[in-house]
Amino acid sequence: MTIKNAGIAPVAPYTPNKRPTIIFSIGPNCPVRCEGCYNHFGDTAQHGGLVTADEVATFAKRAKIAGLAQATVAGGDPLFHPEIVRILQRFKAMGLRVKLDTVGTSFLGEAKIVFKGKGVTPAVAVADIAPYVDFVNVPLDGSSQKTLGAFRKGRPHLFDETRKITSMLRAHHVHFGYNTVANTSNIHELEAIRTIAEEDGADEWQVFEYDPKGPNPSREKDALTLHTGEFEAAVLRIPPSQSNMKVDFKNLQDRTGAYFLIDDSGHAWKPSGAGQRFIVGHIINDQNEVIDAWERHVIEMHQEP
Ligand code: SF4
C-alpha cells in the first residue's frame, strides 16, 4: 500500500511492484545480525561458490529481453560482494533501473562481518557506486540505538552510523529511503522514525510488519511479533504529515509469492510460504528453466489485480 503524507489511512493488502524486478541477493554475509533474518543465504561453499559479476550480467541480459526492468541488489549486504561496483555498473549499462538495499556500513570504511562469516570486508566509496544506482534503501528500525538495537544486533552505534551513511548519500545526490521493520520494540515509535526520515531528506519510508517465519530462526521471535491487527492499529495512530516523502506500509498479508530472487550462490528461487522457498535452478547452469520461470512470474504479476 502506498500512502502519500502518512497519516490516518487504512492498511490495504500489499501489492507487488508492477515494474518487473529481480532481487539479486548477492551479499554472502552481513555487518549486522537481525533477529529472525529473512534472507536465504546461498551456502556458497556447497553450491559452486559466490555468484560472479559475469554470471549475474549474462543472466540479467536474457531476463531483460523477457521483461526485466529493475534489478534490486540486496543481501546479506551487497557491499560485501567483492565485485559490487562492477555488478552495479553492468546492470546500469544494460539500461536497468538499479536499486541497492544495504546497511551501508562499508561506506564508512572496512566493515566487520557479524553474520554468516568472520573477518572484515573492504570499504566501498559512495562516489564509486553513485553513478550506477537510482535508489538506495537503508534500514532504520528505531528512533534511538536502544530500540534499533533490539532487532538489528552487532553494531552498538548503528543508529548514528545510519544517519551518517544517508548524509553521505545525500552529499553525492543519491536518492535514498529508509526501511523499518515494525516489531514490538519500535511499534510505538513509528511517528518518531518518520520524523527522522523527513529530517534526513529521505525520498521514501517503507514500514514492513515483522515476519517471524524467516529462514534464520531467532529465540526472540515471539517477543518481537506483533499481535494480529497491532500493525494496522499503529499505522492509524500516526498523525498526518505535510512532507512529500512517499510512505508505504506493508503488512504480512499477501506478501508471499510477490518476489523473484537470486541468492549469493546464483540460484533463482521464489518464496513458498512460512519461510520456505522453491529453488528454480542456477542462473547459468539451468538458465533456460530459470528464464521460463521468470517469464511465468512476469505474466502472473501483470494478471494480479
Ligand atoms: S535481515 Fe539483517 S541480518 Fe539478514 S541480511 Fe538483512 S540486514 Fe543482514
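Every number for a ligand or one of its atoms is a count from 1 in the order of the listing.
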Please check this pair: side chain of Thr72 against backbone of Lys99, looking for a donor-acceptor N/O pair closer than 3.5 Å. no
Contact flag Cys37/atom 8 (Fe) of ligand 1, N/O/S atoms, threshold under 2.8 Å: no
CG-NE2 distance between Leu68 and His297, expressed to the nearest 0.5 angstrom: 10.0 Å
Which of the atoms in ligand 1, numbered in the order shown and given with their element, are less than 4.0 Å from a heavy-atom of Phe115? 3 (S)
I'd like to know if Lys112 pairs up with Glu110 as an ion pair, taking the criterion as any Lys NZ or Arg NE/NH1/NH2 lying under 4.0 Å from an Asp or Glu carboxylate oxygen. no
Determine whether the side chain, the backbone, both or neither of Cys30 has a heavy atom under 4.0 Å from any heavy atom of ligand 1. side chain
pair Trp205-Leu190: side-chain heavy atoms closer than 4.5 Å: yes
Atoms of ligand 1 less than 4.0 Å from Arg152 heavy atoms? 2 (Fe), 7 (S)
Proximity to ligand 1 by part of Val32, non-hydrogen separation under 4.0 Å: both
Between CG on residue Asp77 and CG on residue Asn39, distance to nearest 0.5 Å: 10.5 Å
I'd like to check which ligand 1 atoms, numbered from 1 as shown, lie under 4.0 Å from a non-hydrogen atom of Gly76. 5 (S)
For atom 1 (S) of ligand 1, what's the nearest protein heavy atom and its distance? Tyr38 CE2, 3.3 Å
Considering heavy atoms of the protein only, find what lies nearest to atom 2 (Fe) of ligand 1 and give residue, atom and distance to 0.1 Å. Cys34 SG, 2.3 Å
When you look at NZ of Lys213, are more than 12 heavy atoms from neighbouring residues, nucleotides or ligands closer to it than 6.0 Å? no
